[in-house]
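In what follows, a single structure is set out as structure tokens and then discussed.
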Amino acid sequence: MTEWVCGCCGRWRVSVELIHGRYVYRLAHTYPRRFGGGRNVLGEVGSVDELAELLRRRTPVDLADLREAA
């Protein structure tokens, strides 16, 4: 599984998963441990264009802010 994380705070994550022969981009917001940790999935889309639109609607970041997670 490939994952990208925002460069500003690291709380916005996009993972790429192969499900039933199709790639799915999953956008999630993670919470710091001091607030109980965990993650909230905000949406799943099937293309990069749809991912850019989902990021624009649901987050303060865009595709240019994402970096590959180490």
Side-chain angles (χ1 to χ4, degrees):
M1 175 175 58
T2 304
E3 188 170 60
W4 291 288
V5 63
C6 70
C8 59
C9 64
R11 293 172 53 192
W12 303 100
R13 294 181 175 267
V14 173
S15 62
V16 182
E17 300 176 25
L18 184 61
I19 299 175
H20 299 294
R22 295 191 65 211
Y23 286 100
V24 174
Y25 299 92
R26 181 177 290 154
L27 174 63
H29 180 257
T30 58
Y31 296 96
R33 290 183 195 258
R34 68 179 186 263
F35 297 121
R39 83 179 3 190
N40 183 20
V41 176
L42 301 174
E44 295 178 345
V45 293
S47 72
V48 175
D49 291 334
E50 291 172 331
L51 175 61
E53 177 65 21
L54 181 64
L55 285 167
R56 187 187 64 75
R57 282 185 294 133
R58 304 290 305 263
T59 71
V61 299
D62 60 7
L63 287 174
D65 297 324
L66 298 175
R67 304 287 183 256
E68 192 165 357

Any chain of hydrophobic side-chain contacts (each under 4.5 Å) joining [X] to [Y]?
| X | Y | result |
| --- | --- | --- |
| V14 | I19 | no |
| L18 | V16 | yes |
| Y31 | V5 | no |

query: Applying the side-chain contact (heavy atoms from CB on, under 4.5 Å) test to L27, which of N40, V41, L42 qualifies?
result: L42

message: Strictly distance-based, threshold 3.5 Å: is any side-chain N or O of R26 a donor or acceptor partner for the main-chain N or O of E17?
response: no

query: Is the side chain of R67 donor-acceptor paired with the backbone N or O of A64 at a distance under 3.5 Å, no angle test?
result: yes

field: Parallel, tilted or perpendicular: ring planes of Y25 versus W4, cut at 30 and 60 degrees
entry: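 The arrangement is parallel - the two ring planes meet at less than 30°.
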
query: Say you draw a straight line from CG of L51 to CG of D62; how long is it, rounded to the nearest 0.5 Å?
result: 10.5 Å

message: Distance check, rounded to the nearest 0.5 Å: R13 atom CZ versus H29 atom NE2?
response: 11.0 Å

- request: Check C8 against V61 and note the closest heavy-atom contact, atom names and distance.
  value: SG-CG1, 4.0 Å

- prompt: Does the side chain of L63 come within less than 4.5 Å of V48's, by heavy atoms?
  reply: yes

field: Min side-chain heavy-atom separation L66-L55 under 4.5 Å
entry: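 A side-chain contact under 4.5 Å exists here.
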
R57 atom CZ: more than 12 heavy-atom contacts under 6.0 Å: yes

